Participant: 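Mind looking over this structure? Questions follow.
Letters A, B, ... mirror the listed sequences (proteins, then strands); counts begin at 1. All values derive from a computational prediction rather than experimental measurement.
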Amino acid sequence: MMMSLGVVDREFHVFRGLPDADGEHIGEVKSFTVPVQPGWVVLDALLYLQAHNAPDLAIRWNCKAAKCGSCAAEINGLPSLMCKTRLDHMPLDKPVLVRPMRTFPLIKDLVTDVSWNYEVNKRITPFTPYNDDQSTWRYFQEDADRVQEFRKCIECFLCQNSCHVIRHHRKFNHFAGPRFLVRLASLEMHPLDVADRIPFTKEEAGIGLCNITKCCTERCPEGIRITDNAIIPLKERVVDRYYDPITMLLHKIGIK
Amino acid sequence: MMSVHYETKTYDVLVIGAGGAGLRAAIEASAQGVSVALVTKSLLGKAHTVMAEGGMAAALSYVDADDCWQAHYKDTIRGGKYLSNFRMAELHAKEAPERVKELEKWGAVFDRTPDGRILQRPFGGHTYRRLAHVGDRTGLELIRTLQDKGIHCGIDVHMECTMTHLLKDGDQVAGAFGYWRESGRFILINAKSVILCTGGIGKAYKVTSNSWEYTADGQAMAMKIGAELIDMEFLQFHPTGMVCPPSVKGILVTEAVRGEGGKLANALGERFMKNYDPERMELSTRDIVAKAIYTEVKEGRGSPNGGVFLDISHRGADYIKRKLPSMYHQFLELGDVDITKGPMEVGPTMHYTMGGVRVHPETQEVLNVTGLYAAGEVSGGLHGGNRLGGNSLSDLIVFGQRAGQHAAEFAKQQTILPKINDEEVKGYAEELVAPFERDSKAETPYQIQADLQELMNNKVGIVREEQGLKEAIEELQVLKARAKVARVDGSRAYNPGWHLSHDIHNMILVGEVVARAALQRTESRGGHTRLDHLQPDNEHWRFVNSTIRLNESGELDVSTYEKPQMDEALRDLFEKSDELAITQSKQKI
């Protein structure tokens with residue numbers, strides 16, 4: 001990929017607004033011109049705007065290196081991290097449109113209220129090792145690999161934002177969303193963990209609502225194969241437990 | 001005049017900052033059975049700890065059986081140029097293994113040894129392979145593990161809430177005052193003890209690996225109620241930050257690249273570390289590698305974009321993608337460089353504040369302020385003149401735990417909440433809203449921060465000299481005056497310009513502390529290099545730490561204090577060659 005040479009004036013359309021009483025996004029898209037330098041990402045341009053044109057522009061960001069997951073937004077309609085979206089990879093002749101994540105209530109401008117996610121996490125049974133004698137704990141890199149893929153998650157909540165079960169059907173009370181199905185998978189597949197989160201996965205996390213359209217996987221900036229590696233194996237465990245006749249029978253008579 | 005109304009919450013223990021130290025402190029305090037508030041400027045799990053990459057140092061001895069806490073202790077003392085607080089370094093080396101194992105107990109999934117235990121990697125200045133790690137995203141693993149533990153401990157987490165002033169009742173801390181970022185409304189937290197875990201000062205610098213939050217809040221707040229800052233001349237310039245394109249300049253390139261075998265070369269293709277530290281080469285300590293890179297570039301042997309080359313491609317694409325996945329993606333996506341195929345360009349970046357608030361080495365209680373504690377980067381002592389890579393994450397969990405324990409014990413001894421002076425608090429509130437009332441043609445704080453960053457980089461940066469430092473101190477007074485009249489647009493709701501209008505004062509104040517401490521130390525040692533005093537001056541400076549406090553007229557008093565002696569038993573660990581450095585002469589300095 002070639003970097004463009006020198007500074008280029010580019011047009012940005014940035015959502016500015018405040019919520020109404022229900023958190024709906026009320027506001028308008030404002031137009032700005034920014035002298036963009038080679039190698040810039042969208043966040044560079046917005047920080048430039050803050051410093052020069054709109055000092056009160058609300059942006060949420062921390063690391064600017066795709067490690068913290070704070071700066072999730074919708075760029076030209078695609079849920080993305082602002083710190084990872086290169087401007088020289090986008091068409092020069094079109095304005096760059098930046099809007100807040102649509103799924104969550106607005107706080108201001110590009111910042112949304114993602115507190116629901118933190119509430120979901122609290123309901124998940126934490127890591128529960130099979131014994132307390134840590135000196136006996138042994139597991140191998142092959143076992144770790146599977147879990148480490150899930151633990152790469154930087155909680156940007158782009159998957160939650162992209163998931164139609166939440167975004168369009170607003171199932172906040174019935175569905176945990178891809179992020180927390182990944183978290184459940186990281187615990188269920190932890191080689192030392194013995195807690196049973198399958199009933200929770202079925203009932204409260206509502207895994208049945210996911211119809212594997214893979215929008216979450218597509219938008220994950222960490223490249224976690226959310227659907228294939230986390231959700232589908234969890235779905236299989238739920239099916240084995242609740243819908244497989246033999247397992248159901250064994251379960252009834254107390255054999256796990 | 002805008003509303004200065006504020007809400008009040010009460011707790012036994014207030015923890016300010018939710019990175020590794022803050023989370024660990026809150027978990028410990030909560031375990032002692034007291035009520036705990038954990039306040040963070042960002043969302044939970046986003047603190048700067050998340051950016052730590054290479055690992056945490058602990059003598060677990062899983063990989064090298066010969067490793068032991070004594071060896072870790074020696075490495076830390078030597079790496080810190082003998083300026084570390086000896087007791088802190090001892091506790092750190094002894095307790096780090098237990099704290100790391102505890103993380104595994106709470107669900108952390110470290111990379112594994114062939115026999116199924118926690119894998120440890122080599123790092124600069126560590127004699128043995130010592131760093132427990134998860135690829136190159138160890139900080140994420142640390143913070144997520146503590147976060148997921150913390151949410152089940154009954155801690156009240158207040159996110160996106162900034163504390164701007166510490167409050168006192170007599171000699172004792174009484175809580176803190178600040179605002180909710182979302183609404184801009186004021187909040188006061190009245191608490192029996194307070195733990196500062198607010199991190200460093202990196203955002204006072206132009207080229208830095210630090211996130212926006214690193215605005216010296218804790219250092220400034222603590223000084224204003226009587227605390228001392230020590231060793232503030234010692235800043236760590238990490239040898240390897242990205243240099244190209246300009247917008248990513250400063251982003252960290254983990255030391256694990258060198259730990260995994262990465263080689264540094266200059267434009268002539270020379271492995272130049274052989275001229276600076278032939279024994280340890282790329283795995284020398286950070287102060288030495290950073291200065292070596294600085295020198296190569298300055299003497300005209302730099303890479304096209306003003307850095308040097310770091311090459312790991314000989315390890316093969318599979319290995320690199322497995323052990324250094326973030327680096328692979330970071331360079332591919334932000335720098336258009338495939339590090340599995342060729343070298344990356346790197347250069348020094350402001351990374352860590354070795355100095356900080358002076359604390360009791362065992363309890364972490366802040367000197368001169370009863371009931372106030374500090375842990376992690378905001379505190380000083382452990383790292384002395386130079387921090388070893390991997391010693392920061394272990395610092396967070398060792399001293400976070402200690403601060404949490406002692407702050408909770410202190411709170412339990414208090415029968416009543418300290419008193420709050422309402423008039424004082426209203427004064428702080430008025431001070432915070434004042435920028436809204438200013439001339440609409442005045443400048444915003446953004447330009448002041450940019451000028452501060454330029455100034456600190458150029459005159460209080462990786463190398464310093466008397467003239468430049470004196471100029472910097474004068475220019476800082478001008479910035480101070482500009483910050484006092486900077487304007488803020490819009491409302492108090494989620495307004496970054498307004499937030500910066502307060503933070504900028506902290507950065508300027510602590511920037512001056514660094515400059516004055518650097519001016520005082522007329523020698524070069526560790527993370528402090530004086531071009532006009534290039535050698536260590538052992539006669540005057542070997543046994544003294546610098547200390548700075550705000551006096552009653554609001555000026556900075558700079559002085560030194562003599563280090564406490566090392567315990568006799570610990571002294572025996574060292575060889576003849578160290579003896580001069582650790583054995584204080586009877587003669588007064």
Side-chain angles (χ1 to χ4, degrees), chain A residues 1-3 18 37-41 44 50-52 54-70 83-84 86 107-109 111 113-115 118 121-122 124 126-127 129 132 134 137-144 147-148 151-155 183 186-187 190 193 223, chain B residues 42-48 50-51 101 104-107 109-112 114-117 119 134-135 137 139-141 144 148-149 151-152 157 159 182 211-213 244-248 251-252 325-326 329-330 333-336 444-447 450 488-491 493-498:
Chain A
M1 204 70 67
M2 285 303 293
M3 270 180 219
L18 287 162
Q37 291 181 29
W40 267 21
V41 292
D44 286 309
Q50 258 188 353
H52 298 90
D56 61 339
L57 174 67
I59 311 169
R60 186 185 274 138
W61 68 286
N62 287 74
C63 75
K64 205 180 164 293
K67 299 208 164 55
C68 73
S70 294
C83 71
K84 219 181 163 182
R86 286 274 294 270
I107 289 178
K108 185 182 156 190
D109 301 338
V111 177
D113 177 358
V114 294
S115 56
Y118 290 87
N121 194 27
K122 281 187 197 161
I124 295 175
F127 175 61
D132 283 338
Q134 203 174 0
W137 293 5
R138 294 282 190 284
Y139 65 92
F140 303 101
Q141 189 59 46
E142 303 85 273
D143 310 319
V147 180
Q148 284 179 335
R151 294 185 67 88
K152 283 198 302 192
C153 170
I154 55 174
E155 296 202 328
R183 169 132 176 83
S186 78
L187 290 160
H190 192 300
D193 185 274
Chain B
S42 297
L43 296 175
L44 189 60
K46 310 298 185 193
H48 194 59
V50 84
M51 294 181 76
K101 287 189 213 163
E104 189 177 53
K105 232 180 228 175
W106 295 344
V109 181
F110 291 103
D111 285 0
R112 315 307 294 176
D115 68 341
R117 302 204 282 184
L119 180 62
V134 183
R137 54 165 194 84
L140 174 67
E141 190 68 17
R144 197 68 81 235
D148 288 335
K149 169 77 180 167
I151 57 171
H152 296 288
V157 182
M159 300 200 289
E182 178 176 338
S211 70
W212 74 265
E213 299 170 288
C244 182
S247 63
V248 301
I251 293 182
L252 186 64
S326 304
H329 287 287
Q330 182 173 308
E333 282 152 25
L334 299 178
D336 299 329
T444 68
Y446 294 100
Q447 188 55 47
V488 168
D489 292 354
S491 75
Y494 215 112
N495 186 341
W498 179 45

Participant: Identify which of A:Gly223, A:Ser70, A:Ser115, A:Ser186 forms the greatest number of heavy-atom pairs closer than 4.5 Å to chain B.
Facilitator: A:Ser70

Participant: B:Glu141 versus chain A, heavy atoms under 4.5 Å apart: side chain, backbone, both or neither?
Facilitator: both

Participant: How far apart are the closest heavy atoms of A:Ala144 and B:Phe110, and which atoms are they?
Facilitator: CB-O, 4.4 Å

Participant: So does B:Asp115 have more than 12 non-hydrogen atoms from other groups sitting under 6.0 Å from CG?
Facilitator: yes

Participant: Indicate the atoms forming the closest heavy-atom contact of B:Pro496 with A:Asp56, along with that distance.
Facilitator: CD-O, 3.9 Å

Participant: Answer with side chain, backbone, both or neither: which region of B:Glu333 has an atom nearer than 4.5 Å to a non-hydrogen atom of chain A?
Facilitator: both

Participant: Is A:Asn121 in contact with chain B via its backbone, its side chain, both, or neither, using a 4.5 Å heavy-atom distance?
Facilitator: both

Participant: Taking all non-hydrogen atoms of both residues, which atom of B:Tyr494 and which atom of A:Ala58 are closest, and how far apart?
Facilitator: O-CB, 3.4 Å

Participant: Can you tell me which portion of B:Trp212 sits under 4.5 Å from chain A's heavy atoms? Options are side chain, backbone, both or neither.
Facilitator: both

Participant: Contact part of B:Pro445 toward chain A, heavy-atom cut-off under 4.5 Å: side chain, backbone, both or neither?
Facilitator: neither

Participant: Assess whether side-chain contact (heavy atoms from CB on, under 4.5 Å) is satisfied between B:Val109 and A:Tyr139, documenting all intermediate values.
Facilitator: CA-CA 10 Å; B:Val109 181; A:Tyr139 65 92; 3.4 Å; yes

Participant: Top residue by heavy-atom pair count (under 4.5 Å) with chain A, among B:Glu182, B:Lys149, B:Lys105, B:Glu213?
Facilitator: B:Lys105

Participant: So which of A:Ile59, A:Val111, A:Val147 has the largest heavy-atom pair count under 4.5 angstrom toward chain B?
Facilitator: A:Val111

Participant: Taking C-beta and beyond as the side chain, do A:Gln148 and B:Arg137 meet within less than 4.5 Å on heavy atoms?
Facilitator: yes

Participant: Only pairs of heavy atoms separated by less than 4.5 Å count here; which of B:Met159, B:Gln447, B:His152 has the most with chain A?
Facilitator: B:His152

Participant: Could you measure the distance from the CZ atom of A:Phe140 to the CZ atom of B:Arg117? Nearest 0.5 Å is fine.
Facilitator: 11.0 Å

Participant: Search all heavy atoms of B:Leu44 against all heavy atoms of A:Tyr118 and return the closest pair with its distance.
Facilitator: O-OH, 2.9 Å

Participant: Just to verify, what does B:Asp148 make a salt bridge (Lys or Arg N to Asp or Glu O under 4.0 Å) with, not counting sequence neighbours?
Facilitator: A:Arg183

Participant: Could you pull out the closest heavy-atom pair between B:Ser211 and A:Asn62, with the gap in Å?
Facilitator: CB-O, 2.9 Å

Participant: Any heavy-atom pair between the side chains of A:Glu155 and B:Leu43 that's under 4.5 Å?
Facilitator: no

Participant: Quick check: does any side chain N or O of A:Gln134 sit under 3.5 Å from a backbone N or O of B:Lys101, one acting as donor and the other as acceptor?
Facilitator: yes

Participant: Identify the two heavy atoms, one from A:Cys83 and one from B:Leu334, that lie closest to each other, and give their separation to 0.1 Å.
Facilitator: O-CD2, 3.6 Å

Participant: Quick one: does B:Lys46's side chain have a donor or acceptor within less than 3.5 Å of a partner on A:Ile154's backbone?
Facilitator: yes

Participant: Decide side-chain contact (heavy atoms from CB on, under 4.5 Å) for B:Asn495 and A:Lys108; before the verdict, give the C-alpha distance in whole Å, the side-chain angles of both, and the deciding distance to 0.1 Å.
Facilitator: CA-CA 9 Å; B:Asn495 186 341; A:Lys108 185 182 156 190; 4.3 Å; yes

Participant: Rounded to the nearest 0.5 Å, what separates atom SG in A:Cys68 from atom CG in B:Leu140?
Facilitator: 10.5 Å

Participant: Between A:Gln141, A:Lys84, A:Lys122, A:Arg151, which has the largest tally of heavy atom pairs under 4.5 Å with chain B?
Facilitator: A:Arg151

Participant: Could you tell me whether a side-chain N or O of A:Lys64 sits under 3.5 Å from a main-chain N or O of B:Ser247, the two making a donor and an acceptor?
Facilitator: yes

Participant: Would you call A:Arg86-B:Asp336 a salt bridge at under 4.0 Å N-O?
Facilitator: yes

Participant: Could you tell me which of B:Glu104, B:Met51, B:His48 has the largest number of non-hydrogen atom pairs under 4.5 Å with chain A?
Facilitator: B:Glu104

Participant: Sort B:Leu252 into side chain, backbone, both or neither according to what part of it lies under 4.5 angstrom from a heavy atom of chain A.
Facilitator: neither

Participant: Does any backbone or side-chain atom of A:Ala51 lie under 4.5 Å from a heavy atom of chain B? Answer side chain, backbone, both or neither.
Facilitator: both

